[in-house]
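Down below is the structure, laid out as structure tokens.
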Protein chains: 2
Amino acid sequence: MELQLALDLVNIPEAKEVVKEVESYIDIVEIGTPVVINEGLHAVKAIKEAFPNLKVLADLKIMDAGGYEVMKASEAGADIITVLGVSDDSTIRGAVEEARKQGRKIMVDMINVPDIEARALQIDAMGVDYICVHSGYDHQADGKNSFEDLAAIKRVVKQAKTAIAGGIKLDTLPEVIQAQPDLVIVGGGITGAADKKETAQQMRQLVAQGN
Amino acid sequence: MELQLALDLVNIPEAKEVVKEVESYIDIVEIGTPVVINEGLHAVKAIKEAFPNLKVLADLKIMDAGGYEVMKASEAGADIITVLGVSDDSTIRGAVEEARKQGRKIMVDMINVPDIEARALQIDAMGVDYICVHSGYDHQADGKNSFEDLAAIKRVVKQAKTAIAGGIKLDTLPEVIQAQPDLVIVGGGITGAADKKETAQQMRQLVAQGN
């Protein structure tokens with residue numbers, strides 16, 4: 001089981017500061033969609049250059065031009081790039097094809113996919129590397145969570161790794177780990193903690209016990 | 001009928017150069033998703049500052065955190081911000097609410113919406129300003145176009161303006177105009193033309209005759 005830190009509400013210098021504090025305890029650092037929108041792929045490049053030993057995920061939430069966007073994110077140094085599960089099959093296939101060429105990985109974000117089990121089965125067959133169930137900000141405000149979605153995709157996914165994201169905190173992490181995803185994605189649960197380093201360290205221990 | 005220039009494959013200096021050439025003939029300049037991904041909202045800010053008389057559309061294709069992303073795009077000077085039709089209703093509503101506060105407009109991009117007529121009816125009722133039918137790059141490669149989709153949304157939309165995007169060229173523009181959208185979005189049809197200024201001018205004339 002791996003641990004990913006999602007950075008959503010920071011600029012580039014703030015991102016570097018947070019990652020420096022917790023880098024020993026995480027496997028992947030995510031440049032979240034809000035950071036991509038504010039700073040562009042410059043943020044991915046800056047973090048990859050500052051932390052070459054960490055894997056960097058660019059949360060582009062690609063909806064079109066799959067091959068092109070994966071190429072640009074690869075140039076910037078992204079190891080993993082996200083595509084939306086609600087996008088067209090041709091977009092996902094284009095992204096996977098380009099990722100193979102560039103030696104990168106594709107994560108599909110299942111946010112707002114209507115029939116998550118049926119779509120996960122299709123997407124798994126397209127050769128993506130991760131399938132992520134995700135309660136977005138706007139969904140979380142509605143009180144939704146992703147445990148049922150994780151169980152649904154675990155029933156059908158044969159080759160991709162599974163990931164879970166959305167509102168995970170230190171006190172809810174044990175329940176998440178019990179659901180046995182391959183990757184746990186935490187944002188505000190670390191970045192909003194009084195002691196980020198201590199929180200990340202405790203999360204790392206829990207995740208390690210989950211293996 | 002309005003004319004929007006979509007900039008997708010340029011950096012900020014190249015964008016300024018293209019807009020300078022055609023600014024008299026367009027109503028709205030779009031900072032396309034690939035430019036947002038590469039440069040972030042810095043591109044929106046730079047173009048709005050350079051061309052304060054043009055409306056600037058930020059093609060964020062928002063999928064989550066509707067209110068927050070619209071706030072950030074407004075800060076950067078965007079007049080119109082795009083949200084995905086496949087996103088959650090709460091995301092679209094959050095975007096519309098923030099746009100009203102900031103005096104900005106919301107365009108919903110219907111790319112890859114399964115039942116476009118039913119969804120347009122719902123989205124129109126949420127108070128968005130534009131609903132755009134859109135054959136994406138990956139769709140265009142599959143030979144799809146948006147005329148049927150435009151007809152479908154025009155049957156049900158009562159308050160929003162309608163827009164059409166995807167592969168429109170000078171020679172296909174008359175057919176597009178016959179379908180009577182409120183806004184025509186052209187990208188490569190202008191940026192890829194041998195004479196951008198002449199092409200934009202001819203498109204402007206056709207669009208003006210369509211009114």
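We use all heavy atoms of the structure for the numbers below, so side chains are in, but hydrogens, waters and symmetry mates are not. So you know, we letter chains A, B, ... as the sequences are listed, proteins then strands, and number each from 1.
A:Glu17 CD: 12 or fewer foreign heavy atoms inside a 6.0 Å radius. Within 6.0 Å of the CD atom in B:Gln178, the count of heavy atoms belonging to other residues, nucleotides or ligands does not exceed 12. The environment of B:Lys154 atom NZ is dense: over 12 non-hydrogen atoms of other residues, nucleotides or ligands sit within 6.0 angstrom.
Each of A:Pro114, A:Gly94, A:Ser87 has some count of heavy-atom pairs under 4.5 Å with chain B, and the biggest count is that of A:Ser87. By number of non-hydrogen pairs under 4.5 angstrom with chain A, the leading residue of B:Val86, B:Leu84, B:Asp89 is B:Val86.
Considering all non-hydrogen atoms of both residues, A:Ser90 and B:Asp138 come closest at OG-CB, 3.4 Å.
Among the residues in residues 32-45 of chain A, those with a non-hydrogen atom closer than 4.5 angstrom to a non-hydrogen atom of chain B are A:Thr33, A:Pro34, A:Val36, A:Ile37, A:Asn38, A:Glu39, A:Gly40, A:Leu41, A:His42. Applying a 4.5 Å heavy-atom cutoff, the residues of residues 47-65 of chain B that approach chain A are B:Leu60, B:Lys61, B:Met63, B:Asp64, B:Ala65.
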